There are 2 protein chains.
Amino acid sequence: MRWEELDQQPCSLARTLSVVGDRWTLLILRDCFLGVRRFETFERRLGITRHVLTDRLKKLVEHDVLCKSPYQERPRREEYRLTEKGLDLHTVILTLVNWGDKHMTDERGAPVKHIHKGCGHAMHPQMVCSECGEPITARDIRVEAGDGWQDTAPLLGSDRS
Amino acid sequence: MRWEELDQQPCSLARTLSVVGDRWTLLILRDCFLGVRRFETFERRLGITRHVLTDRLKKLVEHDVLCKSPYQERPRREEYRLTEKGLDLHTVILTLVNWGDKHMTDERGAPVKHIHKGCGHAMHPQMVCSECGEPITARDIRVEAGDGWQDTAPLLGSDRS
DNA sequence: TTATCGAGTTCCAAAAAAGAACCTACAAAA
DNA sequence: TTTTGTAGGTTCTTTTTTGGAACTCGATAA
């Protein structure tokens, strides 16, 4: 499967990964959430090559995750800001960071703290059921075909292969 | 920055991406959560080349996200199962799927439903603060340096560049 | 005996990324 | 007026990663 085919799949994960599923894109978005907006700042902070940065920013703008707006004319300078669609990726990043905090930190502990402005505490994300509010773990969820299901194969055979 | 340098960064996102930050790994894990365990099943369902599949499975085992265990001897056959560390990635996948359901579905709607066994309803993940239980959006969080912070640069300059 | 199966490995061509140099439009300084 | 600087790229070459197909190995089935 090629990159271009990924967003054709009847799978929300595949479609999401067609936008953010590479090494650089989520790091760029991390910096967006930290307030970075300019090409040169991304480049310096990430150590990314200009070529790849240009490509990823363009893709993110095409997918309406970022928008480009001029912050000065003559000479025109653009900056990149998160759209609402982009802001919705915050939970994704928070979840990835949370896993890293739990499983990939060294003895020094988590590099950054997330402060919930509402209650003022350092928090970690907790996932709950939208319907009953109970905390969710992998074992609490069962998957069923939804309206957009299109595959001929069953979701999973009983052979657990 | 190279792949190998990614896990050296003082950033939980970068460290997490050093494990799951490529096109295939999260799709493999999606199938793991659907119950797939065998090399040949991954290959057939994903349309991944054997070479890349071998490589990704090996990496996931090295990182203790999957474990390999024989399901028969003579000839030896191995299967791949999620470890506890791997099961913890369920929230990551659920969050990615949720974003895709909201922003990337066509008119047919979400391909799969997630049923919460506890309450029996089709749910979507809701993120709440671990401390006060309130729902979280991007605008509710402020980032501060934590114990593992090591960068000389400030988290963000006031210029919002 | 030949075929099949699961789980790979090997080999080669194609695509993507890294790294560095170059370009452009404008502005300010010398 | 020439030089220097800057933001935001583009071009070029080399290295790394993929894709695709064929081959291996041990064992069982026809």
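Since the structure is predicted, the reported quantities are computational estimates derived from the model, not experimental observations. Reminder, nothing fancy here: chain letters follow the sequence lines and each chain counts from 1.
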**Student:** Compute the angle between the rotation axes at the two ends of the helix from dT1(C)-dA30(D) to dA30(C)-dT1(D), each taken over five pairs, rounded to 10 degrees.
**Tutor:**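 Helix axis angle between the two ends: 20°.
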**Student:** Heavy-atom contacts under 4.0 Å between residues 50-59 of chain B and DNA chain C, which residues?
**Tutor:** Arg50(B), His51(B), Thr54(B)
**Student:** Check this for me: does any side-chain nitrogen of one of Asp31(B) and Arg45(B) sit under 4.0 Å from a carboxylate oxygen of the other?
**Tutor:** yes
**Student:** Between Arg37(A) (CZ) and dG8(D) (P), how many Å, whole number?
**Tutor:** 13 Å
**Student:** When you measure from the centre of the six-membered ring of Tyr71(B), is the NZ or CZ of Arg38(B) under 6.0 Å away and within 45° of the axis?
**Tutor:** yes
**Student:** Taking only Lys NZ, Arg NE, NH1 and NH2, and the carboxylate oxygens of Asp or Glu, determine whether Arg15(B) and Asp106(A) approach each other closer than 4.0 Å.
**Tutor:**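 Yes.
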**Student:** Any chance the side chains of Asp140(B) and Thr137(B) put a donor and an acceptor closer than 3.5 Å?
**Tutor:**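 Judged by distance alone, the side chains do pair up.
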**Student:** Would the distance check show the side chain of Lys117(B) and the main-chain N or O of Arg139(A) forming a donor-acceptor pair, the cut-off being under 3.5 Å?
**Tutor:** yes
**Student:** Atom CZ of Phe42(B) and atom P of dG6(C): how far apart are they, to the nearest Å?
**Tutor:** 14 Å
**Student:** Mind calculating the distance between CZ (Arg44(B)) and P (dA7(C)) to the nearest angstrom?
**Tutor:**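 The answer, rounded to whole Å, is 11 Å.
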**Student:** Quick check for you: to the nearest 0.5 Å, what is the distance between Glu43(B) atom CD and Leu57(B) atom CG?
**Tutor:**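 The CD atom of Glu43(B) sits 11.0 Å away from the CG atom of Leu57(B).
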**Student:** Rounded to whole angstrom units, what separation is found between the CZ atom of Phe39(A) and the P atom of dG8(D)?
**Tutor:**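 These atoms are roughly 8 Å apart.
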**Student:** Taking the side chain of Thr49(B) as its heavy atoms from C-beta onward, which of dA7(C), dG9(D), dG20(D) lies nearest to it?
**Tutor:**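 Given the options dA7(C), dG9(D), dG20(D), the side chain of Thr49(B) is closest to dG20(D).
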**Student:** Find the distance Ile48(A):CD1 to dA16(C):C1' and express it as a whole number of Å.
**Tutor:** 13 Å
**Student:** Of all residues at least two apart in sequence or in a different chain, which pass the side-chain contact (heavy atoms from CB on, under 4.5 Å) check with Asp147(A)?
**Tutor:**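 Testing Asp147(A) for side-chain contact (heavy atoms from CB on, under 4.5 Å), a comparison that skips the adjacent residues, returns none.
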**Student:** Measure CD/Glu79(A) against P/dG8(D) and give the value in whole Å, please.
**Tutor:**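 Rounded to whole Å, this separation is 9 Å.
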**Student:** Using whole Å, what does the distance between atom P of nucleotide dA27(D) and atom CD of Gln72(B) come to?
**Tutor:**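 Atom-to-atom, Gln72(B) to dA27(D), this comes out as 11 Å.
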**Student:** Picking from dT18(D), dA7(C), dA7(D), which would you name as closest to the side chain of Glu40(A)?
**Tutor:** dA7(D)
**Student:** May I have the distance from Glu43(B) (atom CD) to dT9(C) (atom P), rounded to whole angstrom?
**Tutor:**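 The answer, rounded to whole Å, is 13 Å.
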**Student:** Between Trp24(A) and dA18(C), does any side-chain N or O lie under 4.0 Å from OP1 or OP2?
**Tutor:**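 True: Trp24(A) side-chain N/O within range (under 4.0 Å) of dA18(C) OP1/OP2.
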**Student:** Is the distance from OP1 or OP2 of dA7(D) to the nearest side-chain N or O of Tyr80(A) less than 4.0 Å?
**Tutor:** no
**Student:** Are there over 12 heavy-atom neighbours, none belonging to Lys102(B), within less than 6.0 Å of that residue's NZ?
**Tutor:**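 Open.
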**Student:** Does a donor on one side chain sit under 3.5 Å from an acceptor on the other, for His124(B) and Asp101(B)?
**Tutor:**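 Their side chains do not contain a donor-acceptor pair, so the 3.5 Å distance test is not met.
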